[in-house]
Amino acid sequence: MRSLPARRTAAVALTAAAAVLALAGPASAHVSVNPGSAEQGGYTAVDFRVPNENDAAGTVKLEVNLPLDHPLASVRTQPLPGWTATVEKAKLDKPIKVHGNDVNEAVSKITWTADAGVKIAPGQFQEFRVSLGPLPTDADKLVFKALQSYENGDVVRWIDEAKDGQPEPAKPAPVLKLTKAAGGDDHGMAASAAPSAAADGHGDAAKGGTAAADDKASDSTARVLGVVGIVVGVIGTAVGVLGLRRKSSGSAS
C-alpha cells in the first residue's frame with residue numbers, strides 16, 4: 001500500500017512536466033520574419049518562416065499583407081521551386097518620395113501558392129524570401145499580417161499584434177523590428193547599393209541579417225534551457241516530497 005502515494009507523486013510530477021513542455025512548444029511555432037530586425041532607411045532581405053503545425057494536413061498557401069501606413073516602394077520575391085508567388089499592389093493615398101521620385105503605389109500583399117503535389121508537410125517548415133526597401137525612418141517596426149492555409153481547408157490567421165507589457169498573443173503577426181542606422185550621413189549611399197546585395201545574399205545587409213539570426217537562435221536556446229530547468233525543478237520537488245513521505249512512513253512504523 002505504501003507504493004500508492006509514490007505512484008501518485010510520480011504521476012503528478014510527470015503531468016506537471018508535460019504541461020510545462022506543452023506550453024513552451026507552441027510559443028516558437030508560428031509564422032515569423034527572419035532576421036527579426038533591420039536598419040531604418042535601408043534595404044534588406046528577409047525570410048517568412050512558416051512551420052506546419054497540423055499533424056494531419058500540409059500547408060499549401062501563404063498570404064502576407066504588407067503595411068500601407070509605411071509603404072515599401074521596392075518589393076521582390078525570390079523564386080521558390082514548387083511555389084508560385086503573386087504580388088498585389090495598391091494605390092497610395094499620399095505619394096512617397098524614393099530617390100527623388102514620386103511613388104504612387106506599393107505592394108500590399110504577396111501570396112505564395114503551392115503547385116500540385118507540393119506542400120509543407122507535418123513536421124516540416126518552409127522559408128519564403130523577399131527583398132524589401134527602402135525601410136521607413138519614422139517607425140520602429142513593420143507588422144506583416146499573414147494567413148496560412150492548409151490542404152484540408154483550415155486557415156490560421158497570424159494577425160494579432162503584441163502589446164507592450166502583455167503576453168504574446170496566441171496568433172502573433174510576424175514583426176520586423178527597425179533600428180537606427182549606424183552609418184550616419186553615409187547611410188544613404190549604403191541604401192542605394194543595397195537592393196542587389198539583398199537579392200543575392202551578399203554584402204553588409206546579409207551580414208547584419210546573419211547576426212540578427214544568431215541573436216534569435218541564442219534567445220530560442222535560452223528559452224529551451226529555461227523550460228528544461230523548470231521541468232527538472234518540478235521533478236526534483238516531486239522526488240523530494242516522495243522522500244519525505246517515505247521517511248515519515250518509516251518513522252511511523
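- A distance of 9.0 Å separates CG of L62 from CD1 of I110, quoted to the nearest 0.5 Å.
- In this model, a donor atom of one side chain and an acceptor atom of the other lie less than 3.5 Å apart for T84 and D115.
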Are D93 and L68 close enough, and set up right, to give a side chain to side chain contact (heavy atoms under 4.5 Å, CB included), and what steps lead you there? CA-CA 9 Å; D93 294 334; L68 289 179; over 6 Å; no

Hey, can you pull the donor-acceptor pairs under 3.5 Å for the side chains in residues 137-144, sequence neighbours left out?
unit_1 : atom_1 : unit_2 : atom_2 : d
D138   : OD1    : H70    : ND1    : 3.4

Which atom pairs, donor and acceptor, lie under 3.5 Å between side-chain atoms of residues 119-128 and protein residues at least two apart or in another chain?
unit_1 : atom_1 : unit_2 : atom_2 : d
K119   : NZ     : E151   : OE2    : 3.1
Q124   : OE1    : A121   : N      : 3.4
E127   : OE2    : R49    : NE     : 2.7
E127   : OE2    : R49    : NH2    : 2.7

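- To the nearest 0.5 Å, atoms CD (Q148) and CD (E63) are separated by 11.0 Å.
- Note that CG of L176 and OG of S32 are 11.5 Å apart. Values are rounded to the nearest 0.5 Å.
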Determine whether Y150 and N52 satisfy the following criterion, side chain to side chain contact (heavy atoms under 4.5 Å, CB included), listing intermediate values before the conclusion. CA-CA 9 Å; Y150 288 89; N52 192 94; 3.2 Å; yes

Side chain to side chain contact (heavy atoms under 4.5 Å, CB included) between S149 and V155, intermediate numbers included: CA-CA 4 Å; S149 299; V155 177; 3.8 Å; yes

Test side-chain hydrogen bond (donor to acceptor under 3.5 Å, both in side chains) applied to T179 and E39, step by step: CA-CA 5 Å; T179 60; E39 286 189 355; 5.4 Å; no

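- If you chain together hydrophobic residues whose side chains sit under 4.5 Å apart, L147 and W112 never meet in one group.
- V60 and V50 end up in different hydrophobic clusters when Ile, Leu, Val, Met, Phe, Trp and Tyr side chains are linked at under 4.5 Å.
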Chi angles and distances behind the side chain to side chain contact (heavy atoms under 4.5 Å, CB included) call for L72, L135: CA-CA 7 Å; L72 299 168; L135 301 175; 4.0 Å; yes

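- With respect to the salt-bridge test (charged N to carboxylate O, under 4.0 angstrom), the residues K171 and D160 do not qualify.
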